[in-house]
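Notes to accompany the following structure.
The first residue in the sequence is number 1, and the count goes up from there.
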Amino acid sequence: MKIKVSCLQMDISFGDPKNNYQSAENLIEKAMEEHPDIIVLPELWTTGYDLTRLDEIADQKAQQTISFLQAAAQKHQVHFVGGSVANRGETGVKNTLLIISKVGTVTHQYDKLHLFKLMDEHLYLEAGADKGLFLLEGQLFAGVICYDIRFPEWIRAHTSEGAKALFVVAEWPAARLEHWRALLIARAIENQCYVIACNRSGSDPNNQFAGHSLIIDPWGEILAEAGEHEEILTAEINLDLVSEIRKQIPIFEDRKPNSYN
């Protein structure tokens, strides 16, 4: 089964949801010229890392962002791995990844498990607990957020259940660009899955971001890579290749999980 994916490598306006919704709408319209099946947005794309103002700008139960993505999905008949949003709930704010099907169904929500202390996430955000597994087009995928990729055991918890592609949404800093590339390639190879990683571009008052969104095949070969500026990155993935590689080198059959504890 072949699926075309497009990553919207946005330059996010710091603390300005109104402008970011408009930017995303413009990029979605442009991306549709390539007729993708799935569009991917970056982490915290409505607000950026304006964490100190989340009481003012976080999206109440993610409803505005969900409505925005649902309307775009139905208009264009495209699925969304809708990046993540600062999602204000009853007990606080979580960093929530949204999966919206092409008919507008909220297929899954994943709250970022690993909070990144170097960017003060632990001071302003609540960690999630549940996995990022979801179904689109009858296929099992996984979605994680930025810092999560430094925890291979968390990624394996998804691929050991059969996920064929890993979607990563991020605001990864330029200072650690080589870590970004190396970690994503490693996650693809060790899990024999596609990795579709959508990073942001641009900067905020405290950080310069790396861009370099990547689409990687299960052998670890880079199918497409963006530069450092705002860009739409598109490539076709063939999910049948995942099954072929997992049969060829049967790492999931050869695992010894009882010994790893």
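- The line from OG1 of T234 to CD of E33 is 10.0 Å long, rounded to the nearest 0.5 Å.
- Summarising the geometry of G82 relative to L69, their closest heavy-atom pair is CA-CD1, 3.8 Å, with the distance given to 0.1 Å.
- For the pair D37 (side chain) and I3 (backbone), a donor-acceptor distance under 3.5 Å is absent.
- When every heavy atom of L125 is checked against every heavy atom of K94, the shortest pair comes out as CD2-C, 4.2 Å.
- Across every non-hydrogen atom of D217 and A188, the tightest pair is O-CB, 3.6 Å.
- Here the closest non-hydrogen pair linking P218 and V242 is CG-CG2, 3.8 Å.
- Side chain of Q9 to backbone of S213: a donor-acceptor contact under 3.5 angstrom is found.
- Cation-pi check for R156 over F252 is met; the charged atom lies under 6.0 angstrom from the ring centroid and within 45 degrees of its normal.
- With hydrogens and angles disregarded, no donor-acceptor distance shorter than 3.5 Å links the side chain of R187 to the backbone of F151.
- Side-chain atoms of S201 come within 3.5 Å of backbone atoms of M10 as a donor-acceptor pair (strictly under, hydrogens ignored).
- Note: W219 and Y194 fail the aromatic proximity criterion, with ring centroids not under 6.0 Å apart.
- Note on ring orientation: taking the six-membered ring where Trp is involved, the planes of W172 and W180 are tilted (angle from 30° to 60°).
- For the pair L54/R88, no side-chain contact is recorded, criterion being any heavy-atom separation below 4.5 Å from C-beta on.
- If you take CD on E225 and CG on L223, they are separated by 11.5 Å, rounding to the nearest 0.5 Å.
- Between R246 and E253 the shortest side-chain heavy-atom distance does not fall below 4.5 Å.
- With respect to T65, the side-chain hydrogen bond (donor to acceptor under 3.5 Å, both in side chains) criterion is satisfied by exactly one of T46, N20, D59, N87: D59.
- The hydrophobic cluster containing I100 does not contain V168, counting ILVMFWY residues as joined when their side-chain heavy atoms lie under 4.5 angstrom apart, directly or transitively.
- A donor-acceptor pair under 3.5 Å is absent between the side-chain atoms of H158 and the main chain of K131, judged by distance alone.
- We find the NZ-CE distance between K75 and M32 to be 10.0 Å, quoted to the nearest 0.5 Å.
- Side chain of K2 to backbone of E236: no donor-acceptor contact under 3.5 angstrom is found.
- Using bins of under 30°, 30° to 60° and over 60° for the plane-to-plane angle, the ring pair F141/F134 lands in the tilted bin.
- The two residues A24 and L8 come nearest to each other via the heavy atoms O-CD1, 4.4 Å.
- Neither side chain, Y147 nor N95, offers a donor N or O lying under 3.5 Å from an acceptor on the other.
- In summary, the aromatic rings of W45 and F68 are positioned with their centroids under 6.0 Å apart.
- Side-chain atoms of D50 do not come within 3.5 Å of backbone N or O of F14 as any donor-acceptor pair.
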side-chain contact (heavy atoms from CB on, under 4.5 Å), that's the test. Do T96 and D111 meet it? Break it down for me. CA-CA 4 Å; T96 303; D111 300 321; 2.6 Å; yes
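- Side chain of H79 to main chain of I99: no donor-acceptor pair is present (N/O by atom type, distance under 3.5 Å, no hydrogens or angles).
- Taken from CG in L177 to CZ in R181, the straight-line distance is 6.5 Å, to the nearest 0.5 Å.
- Considering every non-hydrogen atom in both W154 and D130, the closest pair reads CZ2-O, 3.7 Å.
- I66 and Y110 fall into different hydrophobic clusters, where Ile, Leu, Val, Met, Phe, Trp and Tyr residues are linked whenever their side-chain heavy atoms come under 4.5 Å apart, directly or through other members.
- Under the 4.5 Å side-chain criterion, counting only non-hydrogen atoms from C-beta, H212 is not in contact with N199.
- With E137 contributing its side chain and M1 its backbone, the two residues share no donor-acceptor pair below 3.5 Å.
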Would N26 and Q22 count as a side chain to side chain donor-acceptor pair (under 3.5 Å) here? Give the steps. CA-CA 6 Å; N26 294 341; Q22 185 60 60; 3.0 Å; yes
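- From M119, atom CE reaches atom CG of D204 across 6.0 Å, with rounding to the nearest 0.5 Å.
- Taken together through direct or relayed side-chain contacts under 4.5 Å among Ile, Leu, Val, Met, Phe, Trp and Tyr, I222 and F167 form part of one hydrophobic cluster.
- Between R200 and D11 there is a salt bridge, since a side-chain N of the basic residue sits under 4.0 Å from a carboxylate O of the acidic one.
- Note on I189 and L184: same hydrophobic cluster, where clusters join Ile, Leu, Val, Met, Phe, Trp and Tyr whose side-chain heavy atoms are under 4.5 Å apart, directly or indirectly.
- N207 places no side-chain N or O within donor-acceptor distance of the main-chain N or O of F209, the cut-off being under 3.5 Å.
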When you look at I155 and V144, which way does the side-chain contact (heavy atoms from CB on, under 4.5 Å) test go after all the steps? CA-CA 8 Å; I155 307 306; V144 297; 4.0 Å; yes
